[in-house]
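Residues: numbered from 1 along the sequence shown.
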Amino acid sequence: MNFSEVFKLSNQLCKFSPNGKYLASCVQYRLVIRDVSTLQILQLYTCLDQIQHAEWSADSMFILCAMYKRGIVQVWSLEQPDWHCKIDEGSAGLVSSCWSPDGRHILNTTEFHHFETDTQDLTGIDWAPNGCVLAAWDTCLEYKVLLYSLDGRLLSTYSAYEWSLGIKSLTWSPSSQFLAVGSYDEKVRILNHVTWKPIKELVHPVVVSSPKTVAYREVDKSQSVEPSQLTFPPPRGTPSSLFTVHSKYELVDVPVTLRTVKPDTDRANPELGIGMLAFSPDNRYLATKNDNMPCCVWIWDIQKMRLSVVLEQTSPVRSFHWDPVQPRLAICTGNSKVYLWSPTGCVSVQVPVEGTFNVLSLAWHPLGEDSLLLTSKDHFCICYLETSEDH
């Protein structure tokens with residue numbers, strides 16, 4: 001693997017354009033557009049306030065920057081650098097902003113509604129990948145998913161239960177055939193796109209006992225460095241400690257008992273339930289994280305509707321992301337490593353940058369060109385994976 005140099009960043013706002021040609025990053029008030037192949041700056045825009053959200057249009061021609069505190073959205077054009085647009089919601093109170101699937105309309109959610117929804121407190125919206133259906137869901141105090149057509153008609157409503165904490169996460173399959181809903185009851189419900197009823201409930205037990213499930217556990221290995229091997233100043237990428245921690249995965253025999261944390265149910269948003277969901281690009285797998293088992297990644301075989309793999313990390317999982325062209329999952333846990341899983345196995349990779357670079361989030365290049373965007377609290381870099389041709 002090779003790594004780029006490290007660049008500054010604010011609020012972990014850094015995104016590839018959908019066509020894979022550009023990389024947008026935010027540094028306070030500034031929006032920086034780079035060429036992905038060279039990482040040279042192509043455009044530099046100055047916004048009216050510190051940027052809190054940035055999003056590319058589907059055709060990579062426009063990018064929006066939202067400043068929720070001021071209720072303002074600014075839009076920039078890559079084809080016409082002198083053109084820009086400002087949307088000011090004013091006293092309506094801007095909550096979220098996103099592109100429509102055609103990349104020519106922007107949907108702003110305000111505290112005074114975009115269109116009226118049958119919810120107590122609208123929490124989130126998500127377009128189906130085919131652009132035909134909009135999913136909206138209610139506050140966690142009430143379990144409710146609403147499905148709307150493009151003209152605002154309510155197609156269906158789904159509620160799994162009442163009088164308990166409800167929906168925590170939601171995602172569409174790339175084919176738009178399935179809607180996965182993660183809940184505080186530690187289950188994922190897979191809804192089909194015909195009746196909008198669940199076809200399967202995926203349960204996350206403490207003890208994984210199925211012989212058809214493969215269990216991996218990360219194991220740390222400390223390796224001492226001889227004083228005679230040290231130079232001053234240390235070469236770029238050399239660990240600053242006399243001990244370097246390497247990790248690897250070991251296969252664990254089932255049944256296996258997974259580590260759990262006891263959530264404080266008296267607090268808002270307790271560490272409980274399904275906090276992350278992601279389908280693989282071929283619709284074959286679904287990766288999930290149950291927040292009261294924070295070190296585990298669950299990988300489900302959607303064709304067979306059963307648990308395929310469990311990965312147990314040494315630290316809580318911060319993010320995971322599927323390669324867009326093959327079933328390969330990248331994982332980070334807030335340390336200086338990147339973890340990769342594929343059906344052939346899994347591996348741990350150290351990020352060899354100077355100083356501390358704790359990976360808090362990651363994203364694959366949208367065309368799957370064997371490169372990963374890695375972000376820490378204030379910086380980002382790109383990891384270039386070796387291809388089979390390189391070997």
Problem set entry | Criterion side chain to side chain contact (heavy atoms under 4.5 Å, CB included) on Val203 and Lys187, from CA distance to verdict | CA-CA 5 Å; Val203 182; Lys187 296 178 182 178; 4.3 Å; yes

Exercise. When you look at Leu286 and Ile190, which way does the side chain to side chain contact (heavy atoms under 4.5 Å, CB included) test go after all the steps?
Worked result: CA-CA 10 Å; Leu286 173 68; Ile190 308 291; 4.0 Å; yes

Exercise. Between Trp56 and Leu78, is a side chain to side chain contact (heavy atoms under 4.5 Å, CB included) present by the stated rule, with each step listed?
Worked result: CA-CA 11 Å; Trp56 288 95; Leu78 264 69; 3.7 Å; yes

Problem set entry | Step-by-step side chain to side chain contact (heavy atoms under 4.5 Å, CB included) determination, Val338 to Leu362 | CA-CA 9 Å; Val338 176; Leu362 39 71; 4.3 Å; yes

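Cluster membership check: Phe16 shares its hydrophobic cluster with Tyr384, using side-chain heavy-atom separations under 4.5 Å among Ile, Leu, Val, Met, Phe, Trp and Tyr. Grouping the Ile, Leu, Val, Met, Phe, Trp and Tyr side chains by contacts below 4.5 angstrom, directly or via other members, places Phe3 with Leu372.
Summarising the geometry of Ala287 relative to Leu329, their closest heavy-atom pair is CB-CD2, 4.0 Å, with the distance given to 0.1 Å. Between Lys8 and Val27 the shortest heavy-atom distance is O-CG2, 3.7 Å. Val207 and Pro255 make their closest contact through CG1-CB, 4.0 Å (heavy atoms, listed as atom of the first residue, atom of the second, distance). Contact record, Ala180 with Phe279: CB-CE1, 3.7 Å, taken as the closest heavy-atom pair.
Asp301 pairs in a salt bridge (charged side-chain N to carboxylate O under 4.0 Å, His left out) with only one of the listed residues (Lys212, Arg284, Lys200, Arg306), which is Arg284. A side chain to side chain donor-acceptor pair (under 3.5 Å) with His204 is found for exactly one of Asp291, Asn290, Thr288, namely Thr288.
The backbone N or O of Leu13 lies less than 3.5 Å from no partner atom in the side chain of Asn11, so there is not a single donor-acceptor pair. For Ser342 (side chain) and Arg328 (main-chain N/O), no donor-acceptor pair under 3.5 Å exists by modelled atom type. Using modelled atom types, one side-chain atom of Asn283 and one backbone atom of Ser175 make a donor-acceptor pair closer than 3.5 Å. Not a single donor-acceptor pair under 3.5 Å links the side chain of Asn192 to the backbone N or O of Phe178. Formation of a donor-acceptor pair under 3.5 Å by the Glu55 side chain with backbone atoms of Trp99 is found in this model. Remark: the backbone N or O of Tyr143 is paired with a side-chain donor or acceptor of Ser159 at under 3.5 angstrom. Of the possible donor and acceptor atoms, one in the side chain of Trp172 sits under 3.5 Å from a partner among the backbone N and O of Asp126. Lys289 places no side-chain N or O within 3.5 Å of a backbone atom of Pro316 that could act as its donor or acceptor partner. A donor-acceptor contact shorter than 3.5 Å links the side chain of Ser169 to the backbone of Ile274. Side-chain atoms of Trp364 come within 3.5 Å of backbone atoms of His321 as a donor-acceptor pair (strictly under, hydrogens ignored).
Both tests do not hold together for Arg189 against Tyr158: distance to the six-membered ring centre under 6.0 Å, angle to the ring axis within 45°.
Between Leu9 atom CG and His379 atom NE2 the span is 8.5 Å, to the nearest 0.5 Å.
Between Ser315 and Asn335, the side chains place no donor N or O within less than 3.5 Å of an acceptor N or O (distance only, hydrogens not considered). In the model, Tyr216 has no side-chain atom that pairs as donor or acceptor with a side-chain atom of Gln313 under 3.5 Å. Side-chain contact, Glu218 with Tyr339: a donor N or O sits under 3.5 Å from an acceptor N or O. Side-chain contact annotation: Glu89 with Asn108, donor-acceptor N/O pair under 3.5 Å present.
Aromatic ring orientation, Trp196 versus His193: perpendicular (interplanar angle above 60°, classes split at 30° and 60°).
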